[in-house]
Amino acid sequence: MMYRKEKNEKDVLYILNHLRAEDLEEVKAVHGELWKEKVFNDIMKTDFDVLMGINKDGDIPVCMGGAWHIERDPKGIGVVWMLCTDDIVNHKICLLRELKKEFKKYDKSFWYLYNFIYSKNEFSKQWLKWIGFKFDNPKPAGMNIPEGFEFFYRVKNIKGLEV
């Protein structure tokens, strides 16, 4: 079972120090040599909620993620992200259940969510597809997507409007 918890420095650092190999490669490629400091500071200073999943046994964090608005984007557009430890594979069903709830909240603020992902990150791609993200536009114009990464996006379903 996985439980939700408020973010705190200890848990954020635990996850950053125990990232899955795919997530580690991803943050290093995006943020460079000082990736840990940059990611930690971004997470701790954000006003947006961070979903923190912890293991029932020992209160050990297994994942953290969220959806944030970036100033360069128009209102209603957000960037979605998640970082996990290897233990997340033992909590797949719970993760998907929590993500379903989480995206209901995101849909109140964002009509469009996007990001890019390390191409080898098959575990994350699976849950992203399950929650409705598409990978059919690999390199949109104007986005600087690193080599070896794929763009993904999700458009909120609006009754009476086909996208």
Side-chain angles (χ1 to χ4, degrees), residues 1-70 73 78-103 105-106 110 113-140 143-154:
M1 184 63 99
M2 186 173 75
Y3 292 87
R4 298 168 69 93
K5 181 180 183 182
E6 290 294 314
K7 72 177 176 187
N8 63 63
E9 288 185 10
K10 179 182 167 229
D11 289 341
V12 170
L13 282 173
Y14 180 88
I15 291 174
L16 294 179
N17 287 326
H18 295 89
L19 286 177
R20 294 172 48 246
E22 296 89 343
D23 288 350
L24 180 59
E25 285 186 60
E26 193 170 298
V27 293
K28 283 182 174 180
V30 173
H31 297 287
E33 197 175 310
L34 300 175
W35 69 270
K36 193 181 293 183
E37 182 181 333
K38 290 178 183 176
V39 173
F40 177 79
N41 289 334
D42 282 349
I43 291 168
M44 294 311 296
K45 74 177 182 187
T46 183
D47 291 338
F48 292 95
D49 287 337
V50 173
L51 169 66
M52 179 69 67
I54 58 167
N55 183 323
K56 180 180 177 186
D57 301 325
D59 194 32
I60 299 169
V62 295
C63 68
M64 62 183 169
W68 300 341
H69 175 77
I70 296 177
D73 288 334
V79 174
V80 66
W81 64 278
M82 181 165 277
L83 296 172
C84 304
T85 69
D86 287 328
D87 194 29
I88 194 65
V89 298
N90 298 318
H91 306 279
K92 288 183 200 176
I93 301 299
C94 190
L95 172 66
L96 295 176
R97 192 178 313 120
E98 287 301 319
L99 288 177
K100 202 164 205 156
K101 293 179 206 170
E102 198 71 9
F103 277 86
K105 289 193 319 188
Y106 297 160
F110 305 108
L113 290 168
Y114 74 93
N115 206 338
F116 50 88
I117 188 170
Y118 190 50
S119 297
K120 295 178 187 176
N121 199 342
E122 293 300 324
F123 176 79
S124 294
K125 283 196 235 177
Q126 287 176 355
W127 72 258
L128 285 164
K129 288 176 183 175
W130 183 84
I131 206 80
F133 283 89
K134 297 181 184 193
F135 289 78
D136 59 1
N137 189 6
K139 300 233 180 191
M143 271 200 91
N144 184 18
I145 299 174
E147 193 64 37
F149 283 75
E150 297 176 54
F151 179 79
F152 63 90
Y153 67 97
R154 178 177 180 264

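Nothing here was measured: the structure is a model prediction, and the numbers come from that model.
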Note to self: Quick check for you: to the nearest 0.5 Å, what is the distance between Leu34 atom CG and Asn41 atom CG?
What the structure shows: 10.5 Å
Check: Hey, is NZ on Lys38 packed in by over 12 heavy atoms from elsewhere, all under 6.0 Å?
Finding: yes
Notebook entry, point to check: Taking the inter-plane angle between the rings of Phe133 and Phe103 on a 0 to 90° scale, is it parallel (under 30°), tilted (30 to 60°) or perpendicular (over 60°)?
Noted result: perpendicular
Check: Would a distance-only check, ignoring hydrogens and angles, find a side-chain to backbone donor-acceptor pair under 3.5 Å from Asp11 to Lys7?
Finding: no
Next item on the list: Return the set of residues passing side-chain hydrogen bond (donor to acceptor under 3.5 Å, both in side chains) with Tyr114 (not counting sequence neighbours), or none when no residue passes.
Entry: Arg72, Asp73
Notebook entry, point to check: Counting N and O atoms only, with roles assigned by atom type, does the side chain of Arg154 sit under 3.5 Å from a partner on the main chain of Ile131, one being a donor and the other an acceptor?
Noted result: yes
Next item on the list: Provide the closest heavy-atom pair for Cys63 versus Leu95 in the form atom of the first, atom of the second, distance.
Entry: SG-CD1, 4.3 Å
Next item on the list: Please report the C-alpha distance between Asn8 and Tyr14 in whole Å, then the side-chain angles of each, then the deciding distance to 0.1 Å, and finally whether the side-chain contact (heavy atoms from CB on, under 4.5 Å) criterion is met.
Entry: CA-CA 10 Å; Asn8 63 63; Tyr14 180 88; over 6 Å; no
Notebook entry, point to check: Roughly how far, to the nearest 0.5 Å, is CZ of Phe151 from CD1 of Ile145?
Noted result: 6.0 Å
Item checked: Verdict with supporting geometry, Asp49 and Lys105, side-chain contact (heavy atoms from CB on, under 4.5 Å) -> CA-CA 10 Å; Asp49 287 337; Lys105 289 193 319 188; 4.3 Å; yes
Notebook entry, point to check: Between Asn121 and Ser124, which heavy-atom pair has the shortest distance, and what is it?
Noted result: OD1-OG, 3.1 Å
Item checked: Within 6.0 Å of CD1 in Ile70, more than 12 heavy atoms from elsewhere -> yes
Notebook entry, point to check: So does Glu150 pair up with Lys125, basic N to acidic O under 4.0 Å?
Noted result: yes
Check: Going through the checks in order, is the side-chain contact (heavy atoms from CB on, under 4.5 Å) test met by Met82 and Leu51?
Finding: CA-CA 9 Å; Met82 181 165 277; Leu51 169 66; 4.2 Å; yes
Next item on the list: Kindly give the heavy-atom pair with the smallest separation between Asp23 and Cys84, and that separation in Å.
Entry: OD2-N, 2.8 Å
Item checked: Side-chain touch Ile117/Leu128, heavy atoms, less than 4.5 angstrom -> yes
Checklist line | Glu22 side chain near Phe123 side chain, heavy-atom distance below 4.5 Å | finding: no
Margin query: Does any part of the side chain of Asp87, heavy atoms only, come nearer than 4.5 Å to the side chain of Ile60, both counted from C-beta?
Written below: no
Check: For the side-chain contact (heavy atoms from CB on, under 4.5 Å) test, which of Asn90, Val62, Leu16, Asn55 pairs with Thr85?
Finding: Val62
Next item on the list: For Asp86 and Ala21, work out which heavy atoms get closest and say how close.
Entry: OD1-N, 4.4 Å
Check: For Met44 and Val12, which heavy atoms make the closest approach, and how far apart are they?
Finding: SD-CG2, 3.8 Å
Next item on the list: Would you kindly say whether Glu25 and Tyr118 are connected by a side-chain donor-acceptor distance under 3.5 Å?
Entry: yes
Notebook entry, point to check: Without hydrogens or angle criteria, can the side chains of Asp136 and Tyr153 be said to hold a donor-acceptor pair below 3.5 Å?
Noted result: yes
Next item on the list: Find the distance between CG (Leu19) and NZ (Lys28) and round it off to the nearest 0.5 Å.
Entry: 9.5 Å
Margin query: Return the CD to CD1 distance between Glu98 and Ile93, rounded to the nearest 0.5 Å.
Written below: 12.5 Å
Next item on the list: Please name the pair of heavy atoms, one in Leu96 and one in Trp127, separated by the smallest distance, quoted to 0.1 Å.
Entry: CD2-CB, 3.6 Å
Item checked: Distance in Å, Met64 CE paired with Ile54 CD1, rounded so as to fall on 0.5 Å steps -> 14.0 Å
Margin query: Walk me through whether Phe48 and Tyr106 qualify under ring-ring contact (aromatic ring centres under 6.0 Å, His included).
Written below: CA-CA 11 Å; Phe48 292 95; Tyr106 297 160; 9.5 Å; no
Next item on the list: Begin from the C-alpha positions of Val80 and Phe110 and carry the test side-chain contact (heavy atoms from CB on, under 4.5 Å) through to its verdict.
Entry: CA-CA 10 Å; Val80 66; Phe110 305 108; over 6 Å; no
Note to self: Would you say the ring centers of Phe135 and Phe116 fall short of 6.0 Å from each other?
What the structure shows: no
Check: How many angstroms lie between atom CD of Glu37 and atom CG of Asp42, to the nearest 0.5 angstrom?
Finding: 10.5 Å
Margin query: Are the side chains of Phe40 and Leu13 in contact, using a 4.5 Å heavy-atom criterion?
Written below: yes
